[in-house]
**Student:** 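Before anything else, here's the structure in question.
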Amino acid sequence: MALNAAIAQRLEEIAKMIEVLGEDQFRAISNSRAARNIDALPFDIATIADDKAKLTEIEGIGPKIADKIMEFAATGKMKEHEELKGKVPAGLLEMMKIPGLGPKTVRAIWQTLHITTLPALKKAIEDGTILTVPRMGEKAAQKIKQAMEFAAQGQARLWLGQAVPVAERIIDVLKHKLGKKVKHIDYAGSLRRGKDTIGDIDILIATPDIASAIEAFTAMPGVVAVLAAGESKASVRVRTDVDLSRWDVEDKTGPTVQADLHVIPDASWGAALMYFTGSKEHNIRLRQRALDRGLTLNDYGLFPDDREDTPPQQRGIKPVASRSEEEIYAKLDLPFIPPELREDRGEVELTATPRLIEVGDIKSELHAHTTASDGSLSIEALAAMAKERGFHTIAVTDHSQSSVIANGLKPERLLAHIEAIRKAQEKFLNRSGKPEITILAGSEVDILADGTLDYDDKILKQLDIVVASPHAALSQDGPAATKRLVKAIRHKYVHILGHPTGRLINQRPGLDPDMAKLIAAAVERRVALEINAHWMRLDLRDTHVRQAVNAGALIAIDCDVHAPDDYDNLRFGVMTGRRGWLTPDLCVNTWPAPKLHEWLKSKR
DNA sequence: GCCGTTTTCGGCCCGACTGTTTTCAGTCG
């Protein structure tokens, strides 16, 4: 879906350029909204790029933007975009990416000092000429300088698995310092919605002792800078520390992240939690819905709308609902909407809360490595940990021969490994000789660049489970990737397509296959598509899961265990599944042993 | 530039914080 991304990027840039030129800002908002919606589309826009009627059916796309899409799809150019680029120097768009620098300020800097690049901006801050810009003082200049330095450090967004431990650590610190004075505390934002990357961490607290909360937050360990500390809000930059040893990442200590603490009145906890959880698009949708019902919604509650300028809570108006998210949704005639669904992707049409998958539903791990290839656990240790988690089945799926770096198994070693797995099974039998946990002999077999598998059929047939995954040739083009992966799905011995695109978030984009074709093949062959739960992968991603679920495809959520801690990544895989509206029935890992084993045998 | 069971024209979510101002503009979420 390279076209979706290319169009979205241009529309977003058009929006930014309109803003910096100081032209009609509603036009800017429209372009930006269209860009977001196109980026979130679950299908390739190329398939309807010659059909104006279909294009305008997409939310936020009217006749003008449809024309722009058709023009770009046909010619690879967008005239409006190019004309604006002629008027707006590229450096201005870079400047707007710096936190604290918005369109108005960038425009003012451009108009007064004719500055159009980041280096020139830096120089103007250093020599003080920036102070001649209207409304620009010493403090603002220093803030911009600091923000530029943070931006230069690179990675803007944190991995989900990096951010969650930081948020939990902050909550622990505040709970410890404030004890019983904490009425409510939780994290909100994209973290609570389970997005694969996180911009910043939002912590909400309800407590009578506001001063102590702000003090504890700004003074906690790991804080490198206090950005703001007001009466009801504080912002800091805090260090992250996560073991990244499985992949070779340059900065092993991890970057810093902005964390915001919002102090919330106890009575408006639900309204604030909802507001700060977002998404922005979901909130806008709810506010609109409130207005339609003669109500107005803000972060203090849902109030009767009397069209006064002063906010209702400041005039002592009693809210219709405010204490819990549940009661606010109810007053808006909606079921409770789980945070992972709050993306304005149709959830506001729901009439009942869907029973989404939960961590507790998972009863098996179907993708795990041992010391035979690149894992750190023995077969027995792997199985013991799975049993401890209440799983009925664990699949040992070490790498195949082509994965040389991962110590992949040549056929002879694989055959010996199968024997070792059968032996290990004997150690996990109860008194009546029944398995306490079923240990499957499997393999994570490489899908070679042309779609053939890394072992021949004679070998594959002897395995209880085959997870087929792409590991090399991850930069081949979309059509080649589609052909390759569909061929693997159609292979008679394959059960699961492992990390289908091979992406590493923030590191490499991975394959860009035609998902609709992959899903269709998977549905037909009853092959499960994996959500790899490692937070650097989360592959399938949320939008792909949604597509697969809509088509009725089977999904596997697996931790791709290499070390003991990897089992803990399950929750990130489950969050991604929930973002894709995944219900337990479609997820093979939730199936009871007989049903799972029967499915596996149906491929033999 | 999009959108519409009050509208095909006239709207477009709402509040806190900061810094630069003397009453508010800009940015953010």
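Since the structure is predicted, the reported quantities are computational estimates derived from the model, not experimental observations. A note on names: the letters A, B, ... follow the listed sequences, proteins ahead of strands, and every chain is numbered from 1.
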**Student:** For nucleotides 13-18 of chain B, just jot down a letter per nucleotide in 5' to 3' order: B, S or -, based on protein non-hydrogen atoms under 4.0 Å.
**Tutor:** BBSSSS
**Student:** Check the surroundings of atom CD in A:Glu358: do more than 12 heavy atoms from other residues, nucleotides or ligands lie under 6.0 Å from it?
**Tutor:** yes
**Student:** Using a cut-off of 4.0 Å on non-hydrogen atoms, how would the nucleic acid contact of A:Glu138 be classed: base, sugar-phosphate, or nothing?
**Tutor:** sugar-phosphate
**Student:** What pairs of nitrogen or oxygen atoms, one from the protein and one from nucleotides 3-7 of chain B, lie under 3.5 Å apart?
**Tutor:**
residue	atom	partner	partner atom	Å
B:dC3	OP1	A:Gly60	N	2.8

**Student:** Listed by chain and number, what are the side chain to side chain donor-acceptor pair (under 3.5 Å) partners of A:Arg193, not counting sequence neighbours?
**Tutor:** A:Glu343
**Student:** Could you classify B:dT20 for me, syn or anti, using a glycosidic angle within 90° of 0 as syn?
**Tutor:** anti
**Student:** At a cut-off of 3.5 Å, list every protein nitrogen or oxygen paired with a nitrogen or oxygen from nucleotides 22-26 of chain B, distance to 0.1 Å.
**Tutor:**
residue	atom	partner	partner atom	Å
B:dG26	O3'	A:Thr105	OG1	3.1

**Student:** Can you sort out the partners of A:Val133 under side-chain contact (heavy atoms from CB on, under 4.5 Å), two or more places apart, ordered by chain and number?
**Tutor:** A:Ala108, A:Ile109, A:Thr112, A:Leu113, A:Met136
**Student:** Can you label the angle between the A:Tyr329 ring and the A:Phe336 ring as parallel, tilted or perpendicular, going by 30° and 60°?
**Tutor:** perpendicular
**Student:** Relative to the 5' end of DNA chain B, which residue comes earlier, A:His262 or A:Arg27, by the nucleotide with the nearest heavy atom?
**Tutor:** A:Arg27
**Student:** Could you list the residues that satisfy salt bridge (charged side-chain N to carboxylate O under 4.0 Å, His left out) with A:Arg192, not counting sequence neighbours?
**Tutor:** A:Glu325
**Student:** Suppose we screen for side-chain contact (heavy atoms from CB on, under 4.5 Å). Which residues come up paired with A:Ala46, at least two apart in sequence or across chains?
**Tutor:** A:Leu3, A:Asp44
**Student:** If you find the nucleotide of DNA chain B closest to A:Lys64 and the one closest to A:Ala140, which residue's nucleotide is nearer the 5' end?
**Tutor:** A:Lys64
**Student:** Going by purine N1 to pyrimidine N3 plus the second Watson-Crick contact, or the G-U wobble pair, all under 3.5 Å, which nucleotide sits opposite B:dG26?
**Tutor:** B:dC17
**Student:** Contact class for A:Leu286 vs. all strands (heavy atom < 4.0 Å): base, sugar-phosphate, or nothing?
**Tutor:** nothing
**Student:** Holding to side-chain contact (heavy atoms from CB on, under 4.5 Å), I want the full list of residues that pass it with A:Lys16, two or more places apart in sequence or in another chain.
**Tutor:** A:Glu12, A:Glu19, A:Leu93, A:Met96
**Student:** Listed by chain and number, what are the side chain to side chain donor-acceptor pair (under 3.5 Å) partners of A:Gln142, not counting sequence neighbours?
**Tutor:** A:Glu138
**Student:** Can you name the residues that form a side chain to side chain donor-acceptor pair (under 3.5 Å) with A:Asp512, not counting sequence neighbours?
**Tutor:** none
**Student:** Who passes ring pair (Phe, Tyr, Trp, His ring centres under 6.0 Å) against A:His262, sequence neighbours left out?
**Tutor:** A:Phe276
**Student:** Apply side chain to side chain donor-acceptor pair (under 3.5 Å) to A:Lys123 and list each qualifying residue two or more places apart in sequence or on a separate chain.
**Tutor:** none
